[in-house]
There are 2 protein chains.
Amino acid sequence: MKPKISDVAKVAGVSPTTVSRVLNNRGYIGEETRKKVNDAMKELNYYPNDIARSLYIKKTFLIGVIFPTTGNPFYGQLIFHLENYANSLGYKVLLCNSQGREDKEKSYLHMLQRNQVDGIIAGAHNRGIEEYDIPNLPVVGFDRYLSKNTPVISSDNYEGGKQATQLLLDKGCSKIIHINGPIDLETPANLRRTAYEDVLRDNNMLPITYETEWANEEVIRRLFDEHPDCDGIFASDDMIASVVLREAKKRKISTPNQLKVIGYDGTETIRTLLPELSTVEQPIKGIAEKAVDLLIKQIDGAWNGDQLEYTLPVKLIDSETTSLQKGEK
Amino acid sequence: MKPKISDVAKVAGVSPTTVSRVLNNRGYIGEETRKKVNDAMKELNYYPNDIARSLYIKKTFLIGVIFPTTGNPFYGQLIFHLENYANSLGYKVLLCNSQGREDKEKSYLHMLQRNQVDGIIAGAHNRGIEEYDIPNLPVVGFDRYLSKNTPVISSDNYEGGKQATQLLLDKGCSKIIHINGPIDLETPANLRRTAYEDVLRDNNMLPITYETEWANEEVIRRLFDEHPDCDGIFASDDMIASVVLREAKKRKISTPNQLKVIGYDGTETIRTLLPELSTVEQPIKGIAEKAVDLLIKQIDGAWNGDQLEYTLPVKLIDSETTSLQKGEK
DNA sequence: TTCCACATGTCAACCGGTTGACATAAATAG
DNA sequence: CTATTTATGTCAACCGGTTGACATGTGGAA
């Protein structure tokens, strides 16, 4: 059986209360006693039962993290930073892969409540769920409006969309098409599209947007079929951009000569595997830290609740797929 | 304050014990009573406190998962499947990104014990830690020997290494170099290297292996500098392979004509971003499910402990970077 | 000498749900 | 009409650590 406080007390020759005092640094403790207790803990390989502790103090130091899947490099990296930063602040992460499925997300939400998590960070690409309005449960959203009172962290989607579109224009594209996720998702990421449309209209060009949930080849083939004269594509994520590049290659459309492509996200994985892809890099680490900070502020009751949206700057990466070719304007 | 069992009992007009009976389906319960209780729970938005429950039943349904980082597509995907499958069996996942750092891994190990996890799944690329020999704590390793009694899941590393090397040979390569992780890590993944060396020696060729912890450009540049006549590279993971491809391109070495390259892992991410890369695909989902099954078997005391190594089959993907070019033999 | 900071012990309540023992009563079966 | 099954209540112990109240005893300062 696992040793408990009373076992440690017995070995150390002190009372259980004293052990608890050592554990929590409360009251007066003599140096030798502290040593005896610590030695006993080591000898018994004792680790305090945090479950019991949590029950009494009504705090678990657990945070639930709900995202579509760690398998996607963007979320994988975001979750890495979330966990890493949370850990450095003494919090632990309960992982939930919702796969964008409403039913899974709901059941995770219940599970997290049963497990008495101190707070939840939930992320983009899930359909609307009203149930995030949980009394006394701090929540932070990423690129996603969860309820009227939950703060949302995003990168500067409008600015990113604007810069990406403007870059294609500057590099001489005359027919620019945008590929985005489904617009019915209520997410700040839609601002990328808004920015794209604004920039095009400002330049008297017609915005055309294709919608696709994932990096769906079929949609991209359709795009090429319907717009053979397209010479610039702004994809709302790098995976989609890479499929675009591939399809262009298949059709002997040269990049960047005939077609310029820019993606979105700029994960380390993409920067390693596909450094030639121009993209808009999101500050993933910054997003993660902001989200955790904000959540813990809520947990500690130190959040005044006035600012609901937090926007972090993006960085344009002008790489080979948008290079200005000689001979072009 | 959060409602508790006694609050539910009050609203439903029954005793706390009856509520518990409904919750756990124990003893006799009348249909109307069950309904009254369920209604009361809904009305109060009641979720049983699993912390309290765990304390009594001495079981948390938590499993700790320790891997270098969810940011890497391979681990990200593996962890996705681990969580997903564990979830389907009623278990929850506590996420730990060790970053391959021994100190972090140790502190995670202690954290997990304090949190009373039912078991731990830990993965490759961490240096040796003796402390995995924890009495009464089920552990499963992935591609990593944790202690003499912990079972290890791996894909068939020897077969994978053999097939990869053989493929390069079959496609006509005459000087094949291998790039691997540090050999001092005690992992079954070293069998990839063993297989490579065996195959080369069987063909009277000299095995040459470069070691690198990560996808390190410098090592790869050195390889090209020192062996300009190399015409086949077997990289022990796809990230490294992609850096090889890039360096080759930089040096105007054409792939696959002058140089054939094959990687290892075959994650979805790589298959999407770099489908031209030949690789050895690991059965990630299968690995995850086997690991969870084995862990839960241990937890349930249903593991006899006789078989310590579990090997799953790999799949060779012969794509463009190893294509046989016309004109070559 | 007196008082107070320091050090430790004893005891019991508490966190919220689980479980077994036992009591009671209605419905159903033999 | 009795025996059994079904349905529910009361009560208390328990899981393991936390905390406050209170007692006791030491040594040093005033």
Side-chain angles (χ1 to χ4, degrees), chain A residues 1-41 44-62 110-118 136, chain B residues 1-41 44-62 110-118 136:
Chain A
M1 215 49 319
K2 282 181 197 151
K4 42 174 128 175
I5 262 194
S6 59
D7 298 318
V8 176
K10 219 166 286 171
V11 171
V14 299
S15 77
T17 305
T18 301
V19 177
S20 177
R21 286 200 260 249
V22 171
L23 239 30
N24 298 287
N25 250 309
R26 263 177 6 108
Y28 298 114
I29 319 124
E31 263 322 303
E32 347 151 41
T33 311
R34 170 172 274 126
K35 192 182 175 322
K36 274 193 299 179
V37 171
N38 283 324
D39 288 352
M41 296 200 297
L44 293 175
N45 226 288
Y46 170 79
Y47 291 97
N49 185 328
D50 272 359
I51 258 48
R53 180 160 204 274
S54 294
L55 181 58
Y56 186 82
I57 66 174
K58 291 168 178 295
K59 168 148 191 179
T60 54
F61 289 95
L62 275 176
H110 300 160
M111 181 272 273
L112 293 175
Q113 285 181 260
R114 286 198 311 272
N115 279 277
Q116 314 296 118
V117 295
D118 292 341
N136 306 317
Chain B
M1 214 49 317
K2 280 181 198 153
K4 43 173 128 175
I5 262 195
S6 59
D7 299 318
V8 176
K10 219 165 285 170
V11 171
V14 300
S15 76
T17 305
T18 300
V19 177
S20 177
R21 285 201 260 249
V22 170
L23 240 29
N24 298 287
N25 249 310
R26 265 178 4 109
Y28 297 114
I29 319 124
E31 265 321 303
E32 345 152 43
T33 311
R34 171 172 274 128
K35 191 182 174 323
K36 273 194 298 181
V37 171
N38 284 323
D39 289 352
M41 297 200 297
L44 294 175
N45 226 290
Y46 170 79
Y47 291 97
N49 185 328
D50 272 0
I51 260 45
R53 179 162 205 275
S54 294
L55 181 58
Y56 186 83
I57 65 174
K58 292 171 177 295
K59 167 146 191 180
T60 55
F61 290 95
L62 274 176
H110 299 160
M111 182 273 273
L112 293 176
Q113 284 180 258
R114 287 199 310 273
N115 280 275
Q116 315 295 119
V117 294
D118 292 340
N136 306 318

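Chain naming here is simple, since letters A, B, ... match the order of the sequence lines and numbering starts at 1 in each. Keep in mind it's a predicted model, so treat the numbers as computed, not measured.
Heavy-atom nearest nucleotides on DNA chain D were determined for B/P16 and for B/Y56, and the one closer to the 5' end corresponds to B/P16. With the nearest nucleotide of DNA chain C identified for both B/R53 and A/V19, A/V19 has the one nearer the 5' end. Between B/I57 and B/I29, the residue whose closest nucleotide on DNA chain D is further toward the 5' end is B/I29.
Of the side-chain N and O atoms in B/K58, one or more sit less than 4.0 angstrom from OP1 or OP2 of D/dG16.
If you take CG of B/N24 and P of C/dG17, they are 11 Å apart, rounded to a whole angstrom. In this structure, A/R21 places its CZ atom 7 Å from C1' of C/dG9, rounding to the nearest Å. Residue B/K59 contributes atom NZ, which lies 18 Å from atom C1' of C/dG17 at whole-angstrom precision. The OH-P distance, from A/Y28 to D/dA23, rounds to 18 Å in whole Å.
Below the 3.5 angstrom threshold, one finds a donor paired with an acceptor across the side chain of B/T17 and the base of D/dC11. For a distance-only test at 3.5 Å, the side chain of A/R26 fails to qualify as a donor-acceptor partner of the base of D/dG20.
The pair B/R34-B/E31 meets the salt-bridge criterion, since a charged nitrogen lies less than 4.0 angstrom from a carboxylate oxygen.
Evaluated for a side-chain contact (heavy atoms from CB on, under 4.5 Å) with B/V19, the options B/N38, B/N24, B/V14 yield exactly one hit, B/V14.
Between B/P16 and B/I5, the shortest heavy-atom contact is CB-CG2, 3.7 Å.
Proximity of a side-chain donor or acceptor of A/D7 to a complementary backbone N or O of A/K4 within less than 3.5 Å is detected.
Counting non-hydrogen atoms under 4.0 angstrom, A/I51 reaches nothing in the nucleic acid.
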